[in-house]
Amino acid sequence: MNMQQALKQHFGYESFREGQKEVVTSVLNGHHTLALLPTGTGKSLCYQLPGYMLKGSVLIVSPLLSLMQDQVEQLRVQGEKKAVALNSFLSPAERKNVLDSLENYRFIYISPEMLSNPYVIEKCSRLMISLFVIDEAHCISQWGYDFRTDYLKLGQIRKQLNNPVTLALTATATEQVREDIIRLLELDPVDEWVFSVDRPNIAIQVEELDHFEAKTEKLMNLVNSLKKPGIVYFTSKKMAEEMALLLKQQGIKADAYHGGMEQEQRLLIQQQFLYGQLDVICATSAFGMGINKGDIRFVIHFHLPQQMESYLQEIGRAGRDGKPSVAILLYSPGDDSLPLSMIENELPEEYQIEAYYLNPERSLEIGLTDVQERFLRFYQILSSHTAETVRQVKKIRSERIAYKIGKFKEVKAWLNSNSCRRKGILSYFNEKAPLRILNCCDQCGVNLDHYSANEGEDSEIPIESWEMTLRRLLLRK
DNA sequence: CGTATCCTGAATACTCAGGATACGGTGCCGTATT
């Protein structure tokens, strides 16, 4: 069966979307592949289709339990029964059952943490793996060095799994991050498929306000007037909750979503938003990965993102249906402080590094957070000499902090620039400037009235400029 | 670096100014061996 037939048979599609064919072909030819496809392109098809055409099982590393459950659920709906999520939702008995019969599954989803378990590696190494997939592969670079260090082990694990053909998928990765992914996974040689991250139907607006109160007031006005549904991003859980409450009091169907809430509650809010019972989600960065909602009309940032990648990923949740949408970033003096302090506080301080390695018996007294403790434990392996470990970990710490501050400074530079916002984002991802579009950004000119709830359903909001239309027509085959 | 909260001392006020302090995001996982 060829690709086209398989596509029709298993997914019911007649044709591929941009990028899918190239990625699938590369994988079927047995090449390690890194694919950067814009949000909403149907990345899962890139490994599911080969899964049907190749012999063996597809092993998919996924960052979130909810994502895995969703994917398995979706496969079941498509009629695929041989799919399983190997994670802590399984009881010990279920887990043993699955591990003892891995070859019966065509699609196996797993977390990097679970896949770091030696017993699990051993079981998987006996499996015929047709394809090893890293979904949301930017997590390797973004989380691997500190927050979820098991991501850094994937290169080693890949070898223990006998070097299976590997596909790394992401929607946001700069050239540097892509290099990082390839190096850490030890993919050599590799086919890279990089498609534009631009989303021309999303207008980009940045607005500076004099102080915090003005920013809050602006937010209220925007949420009241803009066409919904929409997402408002905050850096603080508390603020997300307070603003959700404030919006509710104004009669807006809003609610909060963050990592501190009960799993059940998070799921409920997500479902309500998905099915239109909620219009506005006030969320932290916990919200969004794997959210498949096409009609999100606005994404507002009430706090500054830590890096351009996060920003692009978050605004990319708007307008997946291709209809005009808007991304608005609000900031006021002093907004730098929160991201900067979070960067500084994430990793252990120098004295804590010393205390942890030099006086392990006293390490409980130095008040390490969960993340700090795991960071120190992970890098313990660096040297058999304690003093050397301390020296190296201090170095890793300061380099990592400097790197993250550098990333944040890029956000600031973008904010303070006087040129086209879209051009700024694209050049950050090494893309050339796009053709001039209408309703591009605050620098090029954008009329927010177009995005207001009062604007009629059928009103046309121009996106294409005449130059673009002309070029599109000329290029048509 | 800001905001929120709690405490203290002033002055004698059903308070208030100002200092000290804490806090701020993302998620996986049997720390026994099967």
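Per chain, numbering begins at 1; letters A, B, ... match sequence-line order. Below, all heavy atoms of this structure are taken into account, side chains as well, without hydrogens, waters or symmetry copies.
Where DNA chain B meets chain A (any atom under 4.0 Å from a heavy atom), the bounding nucleotides read 5' to 3' are B/dC1 to B/dT34.
Under the rule for a salt bridge (charged side-chain N to carboxylate O under 4.0 Å, His left out), A/Arg320 has no partner lying at least two apart in sequence or in another chain. For A/Ser111, there are no side-chain hydrogen bond (donor to acceptor under 3.5 Å, both in side chains) partners, not counting sequence neighbours. By the side-chain contact (heavy atoms from CB on, under 4.5 Å) test, A/Leu426 pairs with A/Val197, A/Asp198, A/Arg422, A/Glu431, A/Pro434, sequence neighbours left out. A search for side-chain contact (heavy atoms from CB on, under 4.5 Å) contacts involving A/Pro164 returns A/Ile129, A/Phe132, A/Arg158, A/Leu161, not counting sequence neighbours. Scored by the side-chain contact (heavy atoms from CB on, under 4.5 Å) test, A/Leu382 finds A/Tyr379, A/Gln392, A/Val393, A/Ile396 as partners (sequence neighbours excluded). Partners of A/Glu208 according to the salt bridge (charged side-chain N to carboxylate O under 4.0 Å, His left out) rule, which considers only residues two or more places apart in sequence or in another chain, do not exist here. Listed by chain and residue number, A/Gln271, A/Gln277 satisfy the side-chain contact (heavy atoms from CB on, under 4.5 Å) test with A/Tyr275 (two or more places apart in sequence, or in another chain). Residues forming a salt bridge (charged side-chain N to carboxylate O under 4.0 Å, His left out) with A/Glu346 (at least two apart in sequence, or on another chain): A/Lys404.
For the segment residues 82-96 of chain A, the set of residues with a heavy atom within less than 4.0 Å of an atom of DNA chain B comprises A/Asn87, A/Ser88, A/Pro92, A/Arg95, in numerical order.
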TODO: Dot-bracket for DNA chain B, please, read 5' to 3', with Watson-Crick or G-U wobble pairs under 3.5 Å on both distances, ( ) within the strand, [ ] crossing, | other strand, . unpaired.
DONE: ((((((((((....))))))))))..........
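Among pairs with a residue in residues 81-95 of chain A, those fulfilling side chain to side chain donor-acceptor pair (under 3.5 Å) read A/Gln69-A/Asn87, A/Ser91-A/Glu94, at least two apart in sequence or across chains.
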